[in-house]
Amino acid sequence: MNKSIIVGISGASGMIYAVRTLKYLLEAEYTVYVVASKASYMVWLEEDGIKVPQEPETQEKFWRSYLQIPTQGKLICHRWGDVGASIASGSFRTLGMVVIPCSMSTVAKISHGLSSDLLERAADVQLKEGKPLVVVPRETPFSLIHLRNLTQLAEAGAKIVPAIPAWYHQPRSIEDLVDFVIARTLDQLNIDCIPLKRWKETE
C-alpha cells in the first residue's frame, strides 16, 4: 500500500502545526516528503528561535533528532527551489499533499496556477492530477481577496481546513488544540494516526 504523503510548509505563523504533523506521520510509519518554502525558515527562527538547516540530508537528521524519532517512517526533505524533484512530477505516486500551515501568499499562488517554487509546483500537480490537496490557512481576519482565492482553490478540488480547533474534545493544552486541527486535516486523506476524542465517539 502506498503510504507516501507530501507535506508542504509555508511561511505562515503556526509552525507547531507542521512539526506535530511530521511527528505523527513518521510515528505511523508513513513516507513523508517535506518541502518548506523560503519564508518558512524565517518564521521558524522568529517563532521558536530554531534555525532549521536547509540542506536536505542535514534537515532530515535535524527533524529526526528534534522529534526524537530516530528510525520510524521515512523522511525525504527537498529544497524549495528544486523544481526538478520527484514530487514535482505528475507521475509521482502519493496519497496526497497537505500544506500546513498555509500562508495567504501561498494560497494566492496555488489558486492562480503559479509555481515559483517546489511547494507551489507540487501543489499544482496534485490539482492537475486530481489528487488530494489539503491546505490549512493560518490567517485572521480573512480579506475578500483571501476568501476569493480560497474559494477558487476549493472549486479546483482542494480541501480547505482552517486552523480553527474545537473544544468538545476537552483540550487541556496547546498541543491538544493543535492536534485537533492536524487530525481533521489528515482525515481528508483518510489517515487516522492521531489519538483524538471524536464527537460522541463512545455512543
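Note that the structure is a prediction, hence the values are computed from the model and not measured. Every heavy atom of this structure was used, including side-chain atoms; hydrogens, water molecules and symmetry mates were not.
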Side chains of V98 and V136 in contact at under 4.5 Å (non-hydrogen atoms): no

Salt bridge (Lys or Arg N to Asp or Glu O under 4.0 Å) between R64 and E60, worked out: CA-CA 6 Å; R64 292 234 176 242; E60 290 162 18; over 6 Å; no

Side-chain touch L45/I50, heavy atoms, less than 4.5 angstrom: no

Partner of W63 under side-chain contact (heavy atoms from CB on, under 4.5 Å), chosen from I69, V19, L26: V19

Side-chain touch I110/L133, heavy atoms, less than 4.5 angstrom: yes

Residues T31, I5; criterion side-chain contact (heavy atoms from CB on, under 4.5 Å); working and verdict: CA-CA 6 Å; T31 297; I5 181 171; over 6 Å; no

Any side-chain heavy-atom pair of V161 and Q188 under 4.5 Å: yes

Separation between CD of Q72 and CG of L67, rounded to the nearest 0.5 Å: 11.0 Å

Check: E46 and D48 side chains under 4.5 Å, non-hydrogen atoms: no

Closest contact, heavy atoms only, L127 versus A156: CD2-O, 3.8 Å

Residue L144 excluded, over 12 heavy atoms near CG under 6.0 Å: yes

Parallel, tilted or perpendicular: rings of Y66 and F62 (30°, 60°): parallel

Spacing of L186 atom CG and T21 atom OG1 [to the nearest 0.5 Å]: 6.0 Å

Single-linkage hydrophobic cluster V99~V43, side-chain heavy atoms < 4.5 angstrom: no

Any pair counted as ring pair (Phe, Tyr, Trp, His ring centres under 6.0 Å), so long as it reaches residues 77-96, sequence neighbours left out: Y33-F92, Y41-W80

Verify same cluster id: I100, V34 (apolar side-chain graph, 4.5 Å): yes

Heavy-atom pair of closest approach, residues Q126 and P132: OE1-O, 3.7 Å

Worked check of side-chain contact (heavy atoms from CB on, under 4.5 Å) between V178 and I182: CA-CA 6 Å; V178 168; I182 297 171; 3.7 Å; yes

I160-L147 co-clustered via ILVMFWY side chain contacts under 4.5 Å: yes

Q68/K23 under side-chain contact (heavy atoms from CB on, under 4.5 Å): CA gap, chis, key distance, verdict: CA-CA 9 Å; Q68 297 183 10; K23 170 185 180 294; over 6 Å; no

Heavy-atom closest contact (L118 atom, A85 atom, distance): CD2-CB, 3.8 Å

Any donor-acceptor pair under 3.5 Å from T94 side chain to S4 backbone: yes

Minimum side-chain heavy-atom gap L177-V181 below 4.5 Å: no

Reported CD-to-OG distance for the pair Q54 and S40, which is rounded to 0.5 angstrom: 8.5 Å

Hphob cluster co-occupancy, V7 + V135, side-chain heavy atoms under 4.5 angstrom: no

Extract all donor-acceptor atom pairs below 3.5 Å that involve side chains of residues 8-18 and protein atoms in other chains or at least two apart in sequence.
{"from": "S10", "atom 1": "OG", "to": "P101", "atom 2": "O", "distance (Å)": "2.8"}
{"from": "S10", "atom 1": "OG", "to": "S103", "atom 2": "N", "distance (Å)": "2.7"}
{"from": "S13", "atom 1": "OG", "to": "E47", "atom 2": "OE2", "distance (Å)": "2.4"}

Check: S116 main-chain N/O paired with E120 side-chain donor or acceptor under 3.5 Å: yes

Derivation and outcome, side-chain contact (heavy atoms from CB on, under 4.5 Å), residues V32 and L22: CA-CA 8 Å; V32 187; L22 296 180; 3.8 Å; yes

Same cluster (ILVMFWY, side-chain, under 4.5 Å), L75 and L189: yes

Donor-acceptor pair, side chain of S111 and main chain of A108, under 3.5 angstrom: yes

Minimum side-chain heavy-atom gap R138-C102 below 4.5 Å: no

Point-to-point distance, once rounded to the nearest 0.5 Å, from CG of N149 to NE2 of H112: 5.0 Å

Side chain D176, main chain R172, donor-acceptor under 3.5 Å: yes

Side-chain donor/acceptor of S65 to backbone N/O of K61, under 3.5 Å: no

Heavy-atom check, side chain of K131 versus side chain of M97, under 4.5 Å: no

Minimum-distance pair of heavy atoms, taken over all atoms of I194 and A183: CD1-N, 3.6 Å

Check ion pair K38-D117 (N to O, under 4.0 angstrom): no

CG on L119 to CD1 on I87, rounded to 0.5 Å: 8.0 Å

Side chain K3, main chain A28, donor-acceptor under 3.5 Å: yes

Separation between CG of L150 and CE of M104, rounded to the nearest 0.5 Å: 5.0 Å

Distance-minimising heavy-atom pair for P171 and W167: CD-O, 3.5 Å

NZ/K74: more than 12 non-hydrogen atoms of other groups inside 6.0 Å: no

Closest contact, heavy atoms only, A88 versus V125: O-CG2, 3.3 Å

Backbone N/O of P53 and side chain of Q59: donor-acceptor pair under 3.5 Å: yes

SB check E55 R79 (cutoff 4.0 Å): yes

